[in-house]
Number of protein chains: 2
Amino acid sequence: MSKAAKTDNNKDPKGRKRATSYDVAELAGVSQSAVSRVFQDGASASQAMRNRVMTAADTLGYRPNAIARGLITQRSNMVAVVISKLTNLYYPEVLVQLTQRFSEHDVRVLLFALEHEGDTGTVIEQMLQYRVDGIVTAAMFTPEQIKTINNARIPLVFYNRTPRDQLVSSVRCDQEEGERWLVDELVNAGHKTFGIVAGPPDSAVGIAREMGALNALAEMGVTDITTVSGDYGYETGRECFAQLVQKRGSPPDAIIAGNDVMAIGCIDAARENYGLKVPDDISIVGFDGVGPARYAAYDVTTVRQPVLRMTQSAASMLIERIENPELSPEKRAFSGRLIRGSSARLHSEDA
Amino acid sequence: MSKAAKTDNNKDPKGRKRATSYDVAELAGVSQSAVSRVFQDGASASQAMRNRVMTAADTLGYRPNAIARGLITQRSNMVAVVISKLTNLYYPEVLVQLTQRFSEHDVRVLLFALEHEGDTGTVIEQMLQYRVDGIVTAAMFTPEQIKTINNARIPLVFYNRTPRDQLVSSVRCDQEEGERWLVDELVNAGHKTFGIVAGPPDSAVGIAREMGALNALAEMGVTDITTVSGDYGYETGRECFAQLVQKRGSPPDAIIAGNDVMAIGCIDAARENYGLKVPDDISIVGFDGVGPARYAAYDVTTVRQPVLRMTQSAASMLIERIENPELSPEKRAFSGRLIRGSSARLHSEDA
DNA sequence: CCTCGGTTTGCATCCGAATGCAATACTGCC
DNA sequence: GGCAGTATTGCATTCGGATGCAAACCGAGG
């Protein structure tokens with residue numbers, strides 16, 4: 001009787017309602033649990049049952065409702081991916097890679113794009129409400145936010161940022177090491193005066209790179225350093241170059257830019273606005289190894305991040321922790337690869 | 001009694017279970033419906049009730065479960081966004097814009113990234129299972145797939161592709177018009193022989209552009225046309241240039257590339273491998289108006305897509321149709337903007 | 001033919017919030 | 001003070017599928 005009632009309110013004016021497992025069960029003359037079992041992996045169901053159910057399901061166009069399933073299983077099979085500053089040419093690649101890695105594990109990606117890395121507040125609330133099974137973030141969270149996420153027992157992996165003093169998992173490219181390589185090479189090649197075009201102040205990666213460069217320069221005994229900062233964009237790179245020159249009266253021997261795009265901006269400014277030859281008059285290096293850095297007109301000397309390995313790690317670390325929440329946090333740092341482009345005179349080129 | 005049972009099985013070994021509206025209700029001494037109402041927009045609840053519930057909710061760290069809500073309201077508040085070929089430098093921008101537009105309407109984005117535009121099969125199944133409220137796709141679907149989606153009554157908006165003979169909504173940049181502009185200008189500037197570097201054969205946009213260019217060329221009476229095709233990438237652009245030259249024995253007067261990145265590849269190949277001056281010896285034009293097209297070393301003549309307006313349209317068209325499923329399909333085409341870079345000699349520059 | 005071990009299947013219940021309806025509380029007004 | 005009218009609140013049910021448990025079934029061996 002109660003079952004009959006269920007079919008009664010199918011009075012969708014224009015077209016049939018979406019088929020449910022009950023509808024399929026009825027048509028196939030079996031129980032709803034049977035339908036449920038047929039659509040699961042390791043559930044027990046005879047071949048005959050499978051056939052009947054599948055036939056009925058096909059004629060009704062039935063598809064299991066992932067929302068309902070998520071409610072009962074306490075698994076949404078969705079992970080949140082948080083990105084910011086997509087203008088940074090580098091993240092799109094990361095994003096697609098991540099999505100593909102996750103989809104290999106039958107996990108969907110709920111995307112959160114932040115205008116600025118600071119806008120994390122509301123986003124966290126959203127992620128929690130949607131009961132995502134895990135989070136990969138390429139934006140920094142505050143300690144309280146991290147605590148909130150931990151309390152909700154949602155596995156969390158930071159991408160290219162590692163909060164200080166926090167017990168969290170992260171995957172990153174070793175920015176400091178990369179900057180050290182660049183600095184070593186530049187200093188050994190005879191560059192004495194340096195300009196740094198840092199990233200925006202709210203970028204964790206930018207800060208890591210800037211500090212890495214500054215520390216390396218200090219260790220090498222370099223003191224003539226001028227710093228300006230941009231927003232990772234091309235235009236900003238051009239402007240920063242001008243600022244640098246103005247600030248110190250003349251162009252430095254070398255410029256260390258916070259990413260490749262700004263490096264490209266610097267190169268164009270140096271050539272167009274100051275008639276400088278790169279790398280003869282000035283060396284300019286970037287970071288990331290994005291596509292445009294390989295364009296012949298720039299051929300930027302840079303450190304390429306191992307995006308594939310990093311995204312694979314992030315995805316698998318997260319999935320491991322979703323399946324086994326007891327796993328302790330883990331931090332993985334990958335070395336980048338120094339790419340000796342022709343935008344800088346480097347030491348070992350003559351080796 | 002049944003309520004008491006509910007609190008009993010809270011035996012989470014390590015830490016409390018996630019708070020539900022029942023927990024909050026109990027602590028606040030009110031009914032579950034009251035809690036539900038407090039967390040809704042237009043529901044009736046006294047101020048006193050609001051305070052009590054909110055206090056209880058805060059101490060428990062309660063957040064409404066969007067999954068459960070979706071089950072009962074038949075609204076997931078999620079839309080699927082399908083993209084392919086993210087290698088195309090242009091889509092990341094689209095993606096972020098879309099995500100932000102949707103989040104303004106409190107709609108989340110479930111991301112599906114296709115390796116190739118053809119891999120749509122499984123993705124559609126996923127979207128339907130997750131009961132997304134709508135779909136924006138930057139990949140082409142087959143007529144059967146479209147029918148499946150229509151049967152499920154899920155609003156669908158195509159981005160930059162308009163299936164032939166299908167009653168669907170779409171937002172696109174008028175590729176044909178843009179190509180016509182480019183062709184007109186090039187022909188009027190005296191270019192006689194043309195090379196076309198088309199996009200991959202499974203790209204709907206690529207085909208539209210290629211056809212647009214060919215039609216325009218035919219109308220202008222141009223017959224010396226050589227076509228090759230690439231995958232939208234930089235390297236492919238370089239290779240295509242070589243192929244073009246080889247195929248016809250010498251470089252054409254002008255090259256029309258399927259996108260800016262390939263145009264850049266062509267420019268580099270022309271300069272580096274053939275010692276040609278751009279635009280003195282050869283004109284090269286692209287399409288999209290991506291960031292790198294503006295780099296000083298290339299300054300590509302191109303047609304810029306009005307991404308902001310297009311994404312806004314796509315988002316609002318979709319949301320309108322989610323809220324009012326009876327709305328009939330609508331196709332919007334936006335004109336791009338011709339950008340007269342220095343990679344081509346154009347007619348009207350002397351005007 | 002009956003019994004035993006192993007599969008299949010169905011029953012009943014649960015996940016967490018939304019909502020129609022009825023009961024109740026509160027308001028203003030005569 | 002009493003009453004109509006509105007604003008709150010609670011009750012019970014619903015969304016669609018998963019799952020523990022017990023009943024039913026199957027084939028093989030005695």
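So that the names make sense, note that chain A is the first sequence line, chain B the second, and so on, each numbered from 1.
In this model, the phosphate group of C:dT19 is not approached by any side-chain N or O of B:Thr73 to a distance below 4.0 Å at OP1 or OP2. Taking only side-chain nitrogens and oxygens, B:Gln40 comes nearer than 4.0 Å to OP1 or OP2 of C:dT19. In this model, the phosphate group of D:dG16 is not approached by any side-chain N or O of A:Thr20 to a distance below 4.0 Å at OP1 or OP2. Side-chain N/O atoms of B:Tyr62 include none lying less than 4.0 angstrom from OP1 or OP2 on C:dG16.
One atom, CZ of B:Arg69, and another, P of C:dC15, lie 19 Å apart when rounded to the nearest Å. Between the P atom of D:dC26 and the CD atom of A:Gln47 lies a distance of 16 Å, rounded to the nearest Å. As rounded to whole Å, 12 Å separates atom C1' of D:dG20 from atom CD1 of A:Ile72. In this entry the distance linking CD of B:Gln32 with P of C:dG20 reads 14 Å, nearest Å. Between A:Arg52 atom CZ and C:dT8 atom P there is a gap of 16 Å when expressed in whole angstrom units. Rounding to whole angstrom units, CE of residue A:Met49 and P of D:dA24 are separated by 16 Å. Protein atom CD of B:Glu26 is 14 Å distant from nucleotide atom P of C:dA17, rounded to whole Å. One can place CG of B:Asn65 at 18 Å from P of C:dC14, the figure rounded to the nearest angstrom.
For A:Arg37 and D:dG17, a side-chain-to-base donor-acceptor distance below 3.5 Å is absent, hydrogens and geometry of angles not being considered. For A:Arg18 and D:dG16, a side-chain-to-base donor-acceptor distance below 3.5 Å is absent, hydrogens and geometry of angles not being considered.
Of the candidates C:dT9, D:dG17, C:dG16, the closest approach to any side-chain atom of A:Gln74 belongs to C:dG16. Nearest to the side-chain atoms of B:Ser31 among the listed nucleotides D:dC11, C:dT9, D:dC15 stands D:dC11. With C:dT19, D:dG16, D:dT9 as the choices, the nucleotide that has an atom nearest any side-chain atom of B:Ala45 turns out to be D:dT9. When each of C:dT8, C:dG10, C:dA17 is scored by its nearest atom to the side-chain atoms of A:Ser46, the top-ranked nucleotide is C:dT8.
Mapping A:Ser36 and B:Leu71 onto DNA chain D via the closest heavy atom, the residue that lands nearer the 5' end is B:Leu71. Ranked by how close their nearest DNA chain D nucleotide is to the 5' end, B:Arg50 and B:Arg131 are led by B:Arg50.
Base engagement by B:Ser33 is indicated by at least one non-hydrogen atom pair under 4.0 Å involving a base atom. Within 4.0 Å of B:Val30, counting heavy atoms only, lie sugar-phosphate atoms of the nucleic acid but no base atom. Using a 4.0 Å heavy-atom criterion, one finds that A:Arg75 contacts no nucleic acid atom at all.
Using a 4.5 Å heavy-atom cutoff, the side chains of B:Ser169 and B:Leu156 are not in contact. Residues A:Tyr130 and B:Arg108 form a side-chain contact, since some pair of their non-hydrogen atoms from C-beta on lies under 4.5 Å apart. Using a 4.5 Å heavy-atom threshold, the side chains of B:Val107 and B:Met78 count as separate. For the pair A:Tyr22/A:Leu27, no side-chain contact is recorded, criterion being any heavy-atom separation below 4.5 Å from C-beta on.
Residues forming a salt bridge (Lys or Arg N to Asp or Glu O under 4.0 Å) with A:Arg161 (at least two apart in sequence, or on another chain): A:Glu117. Residues satisfying the salt bridge (Lys or Arg N to Asp or Glu O under 4.0 Å) criterion with A:Asp165, sequence neighbours excluded, are absent altogether.
Two end axes, each from the C1' atoms of five base pairs, can be drawn for the helix from C:dC1-D:dG30 to C:dC30-D:dG1; they diverge by 40°, to 10 degrees.
Across all their heavy atoms, A:Ser76 and A:Val132 have their closest contact at OG-CA, 3.6 Å. Of all heavy-atom pairs spanning B:Val168 and B:Pro163, the tightest one is CG2-CD, 3.7 Å.
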